[in-house]
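Each remark here refers to the structure printed beneath this line.
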Protein chains: 2
Amino acid sequence: MSTRDALVEATADLLWERGYSATSPAMILARSGAGQGSMYHHFRGKADLARAAMQHAADEMTTGLETADDPSLPALERVRAFLGSLRDPLRGCRIGRLVQDAEVVDDDDLRGVADQYLHGLEQWVTDVLDAGRAAGELRPDADTAAAAAMVVAVVQGGFVLARARQDAAPQQAAVRGALAALDALAV
Amino acid sequence: MSTRDALVEATADLLWERGYSATSPAMILARSGAGQGSMYHHFRGKADLARAAMQHAADEMTTGLETADDPSLPALERVRAFLGSLRDPLRGCRIGRLVQDAEVVDDDDLRGVADQYLHGLEQWVTDVLDAGRAAGELRPDADTAAAAAMVVAVVQGGFVLARARQDAAPQQAAVRGALAALDALAV
DNA sequence: GTCTATATAATGATAGAC
DNA sequence: GTCTATCATTATATAGAC
């Protein structure tokens with residue numbers, strides 16, 4: 001693996017564990033094994049490296065979602081599979097947790113990566129539900145955009161509850177509530 | 001206002017704006033007008049002061065919820081009123097946003113305040129829905145605990161989506177989806 | 001491209017006068 | 001109880017050798 005890639009992966013891991021503000025260049029160098037100079041050779045600074053790391057994480061998650069998805073299944077099964085694929089509830093969402101950081105939100109480059117990922121996720125759920133509605137699986141008057149936003153919010157909010165409790169149960173309960181809501185949209 | 005109260009309020013504001021890790025004692029002193037010595041006289045350090053500030057914010061929000069609530073209304077109206085009372089979607093939840101901070105989660109005192117607030121909120125929604133179910137307003141088989149977890153998660157996750165987009169719309173859409181789900185629980 | 005040495009500022013906390 | 005002065009440490013970045 002190139003030094004550049006090692007820097008990106010170490011940063012992505014640290015952003016997941018500690019967030020942006022609490023991750024220092026010194027930690028990144030220690031974990032990646034690179035020296036000071038390499039980091040400032042490949043990137044303009046901490047923010048530039050974090051942007052690359054966030055994009056790396058978002059790309060991995062988006063690819064994972066598309067790989068696991070089977071478009072031939074009924075819409076509610078596809079969304080159920082997504083909600084069942086949540087991992088590491090105590091660690092939180094690799095992207096969603098970062099938007100609580102003021103420095104991330106104040107930097108349009110960093111915030112933009114997060115917004116693009118979350119918006120893409122919401123759009124994917126909307127598209128799946130729209131396909132299900134078109135196939136006659138869901139009620140014709142179902143508000144698919146609202147349901148999709150609810151699903152993505154439940155996932156992100158579930159991470160918040162799980163971290164506060166240090167227990168996956170609250171997120172699982174919230175997901176159960178979301179699934180009951182989706183079942184109510186079926187014909 | 002006492003110097004101690006000024007420190008607590010300034011800290012509560014800064015935690016809301018910047019989170020825990022990114023808030024420094026220097027910022028707290030500048031905003032409160034207190035000197036270094038006063039802070040370390042009244043509190044053992046940054047964590048101790050933050051714990052008091054988080055408790056202050058949680059108490060204010062819990063009091064606000066109970067004051068605005070009218071137990072004589074139908075259950076779904078009471079939950080709808082709560083979901084309609086969300087303010088400052090771009091600023092996030094004064095408590096929920098802090099649990100993304102590794103330093104907060106690693107400190108059981110700080111995390112405990114957050115967990116207690118969020119758990120109390122979830123319990124309030126559960127109690128309201130249980131009362132509605134007992135009054136025959138909701139289906140007898142409604143999973144009120146799951147619905148309550150879903151509602152609180154939608155609020156917290158809605159803040160995440162709103163901050164990423166820098167627009168209240170995603171949170172409003174998620175709340176709309178949650179309300180549709182609650183309506184489906186009515187008899 | 002990579003490294004070590006260094007610079008400047010900020011962080012969290014302490015000392016001790018008033 | 002409040003203040004200023006100061007401390008050791010860390011954060012982010014630059015300089016310049018190899």
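Numbers restart at 1 for each chain; the letters A, B, ... are given by sequence-line order, proteins then strands. These numbers come from a predicted model, not from an experiment.
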Does the B/Arg97 side chain pair with the main chain of B/Glu17, one donor and one acceptor, at a distance under 3.5 Å? yes

Using a cut-off of 4.0 Å between protein heavy atoms and nucleotide atoms, how would you tag nucleotides 3-14 of chain D 5' to 3' with B, S and -? BBBB----SSBB

Reckon B/His41 has a side-chain N or O less than 4.0 Å from the OP1 or OP2 of D/dG1?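 For D/dG1, OP1/OP2 do have a side-chain N/O of B/His41 under 4.0 Å.
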
Can you confirm if the NZ or CZ of A/Arg91 lies within 45° of the ring axis of A/Trp16 and under 6.0 Å from the centre of its six-membered ring?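 Yes, cation above the ring, under 6.0 Å and within 45°.
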
Quick check with a 6.0 Å cut-off and a 45 degree axis cone: is A/Lys46 positioned over the face of A/Tyr40's six-membered ring? no

Between C1' on C/dA10 and CD1 on B/Ile28, what's the gap in Å once rounded to a whole number? 14 Å

Between B/Asp183 and B/Arg80, does at least one N-O distance fall below 4.0 Å, as a salt bridge requires?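 B/Arg80 and B/Asp183: salt-bridged.
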
Can a salt bridge be assigned to the pair A/Arg78 and A/Asp70 using a cut-off of 4.0 Å between side-chain N and carboxylate O?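 Judged by the 4.0 Å cut-off on N to carboxylate O distance, A/Arg78 and A/Asp70 do not form a salt bridge.
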
